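A short worksheet on the structure shown next.
Quantities reported herein were computed from a predicted structural model and do not represent experimental measurements.
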Amino acid sequence: MTTSSPLAEREPLAYLTAATAGIRHHTRTTTSLPGGRPATRGHVDALHAHLTALHALLGRLTEQTRDERPAQSGHFAAARTRLWQAGEHLHDAFHQAPHTPVSDSGAPQDETCEQDIAPTGPPFLTICLRHLRTSTVVRQQTTPADLHSPLHGHARHRTS
């Protein structure tokens, strides 16, 4: 039988801490200019990717805690639902953002947040495909009532 080391237990936390620090840095840099800087499609795509990853993580936490800690699992499920709703809004915001001008070489200008875009497809396919994949999961795991419940209206998840 192997035991988990303290380092192995802290490693996921280190990744989450680094991701949070990256988001804080991005927030500071985009708001450091007078009047701020409008979000580009690449920035919105990257934010959507973060929310989608958090949605998946909360889904796993919901499943892992369901039997032993149902009240905690209910809160994870509610948070996962709210992340989905935020992702919906980011997806819509992406489609409202102006297209980035293209340079003479055909590369997008000042788009630095598009690491996972396939070279054969336009940037909008990345966020749309990710959003469709997540939509499928949401339809399988969430009821319409959950999607439209008030923020703190998850009494059915509580145990007495």
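Within the model, atoms CD of E88 and CG of L83 stand 12.5 Å from one another, a figure rounded to the nearest 0.5 Å. Interatomic distance, CZ of F94 versus OG1 of T126, reported as 7.5 Å (0.5 Å rounding). Note that the CD atom of Q72 and the CD atom of Q64 stand 10.5 Å from one another [nearest 0.5 Å]. The CZ atom of R80 lies 14.5 Å from the CG atom of L51; values are rounded to the nearest 0.5 Å. The structure places OG1 of T65 at 13.0 Å from CZ of R60, a figure rounded to the nearest 0.5 Å. To the nearest 0.5 Å, the span separating CG on L16 from CG on L57 amounts to 6.0 Å.
Shown here are the salt bridge (Lys or Arg N to Asp or Glu O under 4.0 Å) partners of R66, two or more places apart in sequence or in another chain: E63. Scored by the ring-ring contact (aromatic ring centres under 6.0 Å, His included) test, H131 finds H48, W84, H91 as partners (sequence neighbours excluded). Considering only residues two or more places apart in sequence or on other chains, L47 meets the side chain to side chain contact (heavy atoms under 4.5 Å, CB included) condition with L90. In this view, R133 satisfies the side-chain hydrogen bond (donor to acceptor under 3.5 Å, both in side chains) rule with no residue, not counting sequence neighbours.
When all heavy atoms of F76 and L58 are compared, the closest pair comes out as CD2-CD2, 3.8 Å.
V137 and I127 end up in different hydrophobic clusters when Ile, Leu, Val, Met, Phe, Trp and Tyr side chains are linked at under 4.5 Å.
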Discussion item. With side-chain contact (heavy atoms from CB on, under 4.5 Å) as the criterion, how do D45 and R41 come out once you've worked through the C-alpha distance, each side chain's angles and the decisive distance to 0.1 Å?
Written reply: CA-CA 6 Å; D45 185 25; R41 292 168 72 88; over 6 Å; no
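Side-chain contact check for C128 versus H95: some heavy-atom pair is nearer than 4.5 Å.
Side chains of H55 and T52: no donor on one and acceptor on the other come within 3.5 Å.
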